[in-house]
There are 2 protein chains.
Amino acid sequence: MGKRENRTKPPDPATLCKSKDPAAVRELLTKVGDKWSIFILLTLEMFPDCRARFSAVEKCIPGISQKMLTVTLRNLERDGMVSREIFPEVPPRVEYQLTKLGETLLEPLQALLDWVNANSEQVRKSQRLFDQK
Amino acid sequence: MGKRENRTKPPDPATLCKSKDPAAVRELLTKVGDKWSIFILLTLEMFPDCRARFSAVEKCIPGISQKMLTVTLRNLERDGMVSREIFPEVPPRVEYQLTKLGETLLEPLQALLDWVNANSEQVRKSQRLFDQK
DNA sequence: CAGTATCCTGCAAGATACTG
DNA sequence: CAGTATCTTGCAGGATACTG
């Protein structure tokens, strides 16, 4: 994985996707690469026990709408990345927690976010150069 | 990065994004997390010298349209992730190559794809459970 | 071969209002 | 508080045709 040495033969197209179903791989990749999913999962990690209520997550993610938070959380629950617990109180309280599966995604996602934080300035520079010609 | 220990205090919302401009971080994250960007960069890596022509890349990415390949390659070039060289021949030949910046993205992307390949079955299982209730 | 150009469509996602 | 429900809109992205 992540080999950098030169190759002398053209790659086999099947090498990238181990799956028989490339569309399914694409779809899941789209979901785990989604910005809101990434932010939500990494936000949950920051709380004690990887556990927080709806409003707490919302406060930590600038720019997310209530709708997108709801929708993305529901999808993450469906995918088995977070669990959802409802407390029968007034006013209502709902807590979300990373599952074990969700936790295994943290490292790759953090690596991606780290890359973005580290290189956004260089990317912007490249864009300016590209645009002025 | 990627710490897993429990915390006792709620996180500072600013912790996730080191940038002053959260929207810019979101935007770049969206781009590097895009499925076509990921496939293109990882595909280029598989060629000798991380270098291949348009049609060769196209063959390696099942399901991508010519339009999306063109558009995504142009964006990657603009962001400084790939370089583009045109050979004045007939028929025309255009080669794309990973830049140094692009190569630094390979490891995080490969980790993400590895996760997808390793866990897609479990995610599907979770989805079936969720859907039938 | 490696693109543009054009048309077209669905759906992602914002805004707003309502509620158990 | 943590959601639904509804309406609306932009634009991602497919299909197709053309070209240096």
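In what follows, chains are A, B, ... by sequence order, proteins preceding strands, each numbered from 1.
- If you check every strand for non-hydrogen atoms under 4.0 Å, B/Tyr96 touches sugar and phosphate atoms only.
- Among the atoms of the strands shown, base atoms are found under 4.0 Å from some heavy atom of A/Gln66.
- Follow the hydrophobic side-chain contacts under 4.5 Å out from B/Phe54 and you never reach B/Phe87; the two are in separate clusters.
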Which atoms of nucleotides 5-12 of chain D (N or O only) lie under 3.5 Å from a protein N or O atom, and what are those distances?
none

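- Summarising the base pairing, D/dC18 is matched to C/dG3 through a Watson-Crick or G-U wobble pair whose two defining distances lie under 3.5 Å.
- As judged by a 4.0 angstrom heavy-atom cut-off over every strand, B/Glu89 is placed among residues making no nucleic acid contact.
- The outermost nucleotides of DNA chain C lying under 4.0 Å from heavy atoms of chain A, listed 5' to 3', are C/dA13 to C/dG20.
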query: Going through the distances and angles, do B/Glu77 and B/Tyr96 end up as a side chain to side chain contact (heavy atoms under 4.5 Å, CB included)?
result: CA-CA 9 Å; B/Glu77 188 196 1; B/Tyr96 294 88; 5.5 Å; no
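- B/Asp79 places no side-chain N or O within 3.5 Å of a backbone atom of B/Met81 that could act as its donor or acceptor partner.
- Contact check, B/Ser65 against D/dG13: no side-chain N or O comes under 4.0 Å of OP1 or OP2.
- For A/Glu103 and A/Lys100, the salt-bridge test fails: no basic side-chain N is under 4.0 Å from an acidic carboxylate O.
- Between the side chain of B/Gln97 and the main chain of B/Asp49, a donor-acceptor pair closer than 3.5 Å is present.
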- request: Test B/Ser37 against B/Val32 for side chain to side chain contact (heavy atoms under 4.5 Å, CB included), laying out the working first.
  value: CA-CA 6 Å; B/Ser37 298; B/Val32 302; over 6 Å; no
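- One interatomic measurement links the two molecules: CZ of B/Phe39 to P of D/dG13, which rounds to 14 Å at whole-angstrom precision.
- A donor-acceptor pair under 3.5 Å is absent between the side-chain atoms of A/Thr43 and the main chain of A/Val57, judged by distance alone.
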message: With side chain to side chain contact (heavy atoms under 4.5 Å, CB included) as the criterion, how do B/Leu98 and B/Glu45 come out once you've worked through the C-alpha distance, each side chain's angles and the decisive distance to 0.1 Å?
response: CA-CA 7 Å; B/Leu98 288 180; B/Glu45 186 196 12; 4.3 Å; yes
